[in-house]
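One structure is given below, encoded as structure tokens.
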Amino acid sequence: MSQATKRKHVVKEVLEEYVVPSPQQQIVRVLGTPGNNLHEVETAEGTRFLVSMPTKFRKNIWIKRGDFLLVDPIKEGEKVKAEINFVLYKDHVQYLKKEGLWPEAFSDTAESQPSSEASREGEQTAARSSGEEDSDDDSDLFVNTNRLHYSCTESEDDSEAAAAVASDRDEEEK
């Protein structure tokens, strides 16, 4: 099987199949990625440990902070205590909630992310349907949740000083 065909099947499996966790499997939330195909996760009870990414997912499926995973425990693991079995996306989370299998501890975090995305998408479609084109609206841009967000604003003092310097230059040129 070629690499492209393998990638196609892995991605199709993750996106289209809906799984139900077996009794030994756990649903966990990703806290970070220390590297080397390891991910730090947290269970619904608050236990933190490392999980490994199997070879079939590497370079095919991307996992970021805040994502939910279905993991299989590793018996002999000291630091790495589980292996990723499935990556849970928004549709999978909704399915597990309907089935009553979603942990209560993750209910608030899973609901807050999709609702903010849904409201943002609703605003965008309303603006498109009304024919407005807002060039200052950056809400449709991708936001990398793995980086800290810094916002810079100009104070009134800075803008007044810049205007004064510009007017001084204009007077000197005359």
Practice problem: Kindly determine whether Asn37 and Phe57 satisfy side chain to side chain contact (heavy atoms under 4.5 Å, CB included), including the steps that lead there. | Solution: CA-CA 10 Å; Asn37 293 308; Phe57 289 143; over 6 Å; no
Exercise. Go through the steps to decide whether Thr55 and Arg58 satisfy the test side chain to side chain contact (heavy atoms under 4.5 Å, CB included), and finish with yes or no.
Key: CA-CA 5 Å; Thr55 309; Arg58 296 176 189 173; 4.2 Å; yes
Quiz item: Is it the case that more than 12 heavy atoms not belonging to Asn146 sit under 6.0 Å from its CG atom?
Solution: yes
Quiz prompt | Within-4.5 Å side-chain heavy-atom neighbours: Asn85 and Val19 | solution = no
Quiz item: Does the side chain to side chain contact (heavy atoms under 4.5 Å, CB included) test come out yes or no for Val87 and Trp62, once each step is laid out?
Solution: CA-CA 9 Å; Val87 180; Trp62 301 102; over 6 Å; no
Self-check item: Euclidean distance, Lys56 NZ relative to Glu13 CD, rounded to 0.5 Å
Solution: 4.0 Å
Quiz item: Mind checking whether Gln25 and Phe86 have side chains closer than 4.5 Å, heavy atoms only?
Solution: no
Practice problem: Enter the distance from Leu38:CG to Leu50:CG here, rounded to the nearest 0.5 Å. | Solution: 5.5 Å
Practice problem: Could you check whether the rings of Tyr95 and Tyr18 sit parallel, tilted or perpendicular, using 30° and 60° as the cut-offs? | Solution: tilted
Exercise. Give a yes or no on whether the backbone of Leu69 and the side-chain of His92 come within a donor-acceptor separation of less than 3.5 Å.
Key: no
Quiz prompt | Heavy-atom side-chain proximity of Asp67 to Leu88 below 4.5 angstrom | solution = no
Self-check item: Straight-line distance of Leu70 CG to Ile84 CD1, nearest 0.5 Å
Solution: 10.5 Å
Quiz item: Yes or no on side chain to side chain contact (heavy atoms under 4.5 Å, CB included) for Val14 and Asn60, after CA distance, side-chain angles and deciding distance?
Solution: CA-CA 10 Å; Val14 169; Asn60 296 328; over 6 Å; no
Self-check item: Sidechain-backbone polar pair: Arg48 side chain, Glu40 backbone, donor-acceptor under 3.5 Å
Solution: no
Quiz item: Does any non-hydrogen side-chain atom of Ile63 lie less than 4.5 Å from one of Thr33?
Solution: no
Exercise. Tell me, yes or no, whether the heavy-atom count around Gln24 atom CD, taken from other residues, nucleotides or ligands under 6.0 Å, exceeds 12.
Key: yes
Quiz item: Is the side chain of His9 donor-acceptor paired with the backbone N or O of Lys6 at a distance under 3.5 Å, no angle test?
Solution: no
Quiz item: Considering only heavy atoms from C-beta outward, does the side chain of Val71 approach that of Val41 to under 4.5 Å?
Solution: no
